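Predicted model, so just to flag it, every value in this text is computed and none were measured.
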Amino acid sequence: MRPVPNASVIHDLWAGTKIVTALAVSILLANLPGWGPIGLTGGLLAVGARLAHIPRGVLPTVPRWAWVVTVLGGLLSAAAGGAPYLDVGPTTVGLGGLLEVLRFAALTAVLLGLGGMVSWTTEVADVAPAVAVLGRPLRALRIPVDEWAVAIALAMRACPMLLDEFRILYAARRLRPKEFPPRSRRGRLRYYAVDLIDLLAAAITVALRRADEMGDAITARGGTGQLSAGVSRPRANDWVALSIVSAVCGAGVVCELFVLPTTMR
């Protein structure tokens with residue numbers, strides 16, 4: 001939850017609009033994970049990223065081992081074959097496994113990009129009031145909506161801080177003199193166990209210190225109730241954005257249930 005400091009139409013949207021959009025697209029792709037909905041929502045995501053002026057530098061760096069594992073898993077899945085089939089000379093090759101791998105990769109990219117768009121264009125302080133407004137109908141069922149909104153806001157505020165603290169902790173650990181583990185198996189296991197326990201103890205200590213500092217800051221500003229008490233309402237451009245999202249989701253349903261099955265026949 002570190003917004004990209006740009007001025008755009010997407011940045012000016014209400015936080016609740018982005019949350020509803022992410023929820024609607026997620027529900028659509030969870031129930032109809034076909035090429036039609038993936039393509040339409042992917043196009044919507046690309047247009048939104050273009051309008052928000054999201055640079056390529058905000059994309060996270062994927063470790064090399066993750067690419068290797070992904071490629072190996074994709075090759076193993078692609079080897080399963082299945083319809084449709086492609087005749088290559090005297091050999092018939094099934095492309096079903098490969099298409100499933102590509103569809104899963106596209107689905108993952110759309111969902112991760114959707115979460116990234118919400119993170120890159122939304123201030124953390126705007127999330128809790130938006131969640132409180134969206135959950136207002138649930139108050140009739142005595143559901144603690146305000147407390148949920150506060151918990152979400154605190155989690156979003158704490159994650160970047162803890163990530164920075166863990167990076168500093170890891171860098172300090174790498175600066176320590178290297179110690180070679182014992183040669184015996186039992187000695188190595190004991191060495192790694194003690195090292196892991198020390199690292200976990202340091203991480204817990206850092207998290208507790210950060211939590212204490214955050215608690216003092218929230219108390220000084222009037223308590224947790226102030227996190228969800230801000231004025232948060234949709235505007236005219238939010239209704240336009242929600243209408244576009246509804247049209248895209250409806251087109252995805254029609255495409256998946258009616259257009260593609262008829263074409264495949």
Side-chain angles (χ1 to χ4, degrees), residues 1-63 66-67 70-71 73-74 77 98-128 130-131 133-134 152 155-156 159-160 163 232 234-260 263:
M1 295 300 296
R2 292 181 177 178
V4 177
N6 288 333
S8 66
V9 179
I10 307 300
H11 284 77
D12 294 338
L13 290 176
W14 180 47
T17 301
K18 304 170 190 177
I19 295 174
V20 171
T21 300
L23 182 62
V25 174
S26 300
I27 293 175
L28 173 65
L29 296 181
N31 292 277
L32 298 173
W35 283 110
I38 292 175
L40 290 172
T41 53
L44 179 66
L45 178 63
V47 172
R50 184 71 176 178
L51 293 176
H53 308 294
I54 301 298
R56 295 183 180 179
V58 301
L59 298 177
T61 303
V62 181
W67 287 113
T70 302
V71 171
S77 300
L98 178 61
L99 292 178
E100 288 297 321
V101 172
L102 295 177
R103 184 166 65 93
F104 178 76
L107 176 65
T108 304
V110 170
L111 291 178
L112 291 178
L114 188 66
M117 279 293 297
V118 176
S119 172
W120 298 325
T121 61
T122 309
E123 294 290 341
V124 180
D126 298 335
V127 174
V131 172
V133 172
L134 292 175
I152 293 173
M156 290 181 175
C159 283
L163 286 175
S232 180
R235 294 172 295 181
N237 56 348
D238 294 295
W239 295 113
V240 174
L242 290 175
S243 300
I244 295 174
V245 172
S246 301
V248 171
C249 292
V253 173
V254 172
C255 182
E256 182 67 17
L257 296 181
F258 301 102
V259 177
L260 289 182
T263 306

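A donor-acceptor contact shorter than 3.5 Å is absent between the side chain of Lys18 and the backbone of Ser119. With His11 contributing its side chain and Val4 its backbone, the two residues share a donor-acceptor pair below 3.5 Å. In this structure a side-chain-to-backbone donor-acceptor pair under 3.5 Å is present from Asp238 to Arg235.
Under the side chain to side chain donor-acceptor pair (under 3.5 Å) criterion, no residue pair touches residues 241-254, with sequence neighbours excluded.
For the residue pair Ala130 and Ile19, the shortest heavy atom distance occurs at CB-CD1, 4.5 Å. For Trp35 against Leu99, the heavy-atom pair with the smallest separation is CZ2-O, 3.6 Å. Taking both residues in full, the closest heavy atoms of Ala106 and Ile38 are given as CB-CG2, 3.8 Å, listed atom of the first, atom of the second, then distance. Taking both residues in full, the closest heavy atoms of Pro37 and Glu256 are given as CD-OE1, 3.4 Å, listed atom of the first, atom of the second, then distance.
In this structure, the side chains of Leu242 and Thr21 come closer than 4.5 Å at one or more pairs of heavy atoms.
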Sequence neighbours excluded and cut-off under 3.5 Å, please list the side-chain donor-acceptor pairs for residues 25-32, or say none.
from  : atom 1 : to    : atom 2 : distance (Å)
Ser26 : OG     : Ala22 : O      : 2.6
Asn31 : ND2    : Ile27 : O      : 2.7

Pair up each side-chain donor or acceptor in residues 48-56 with any protein partner under 3.5 Å, not counting sequence neighbours, and list the distances.
none

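Distance check, rounded to the nearest 0.5 Å: CG of Leu13 to CG of Asp126 gives 11.5 Å.
When Leu114, Val245, Leu107, Val110 are each tested for a side chain to side chain contact (heavy atoms under 4.5 Å, CB included) with Thr41, only one passes: Val110.
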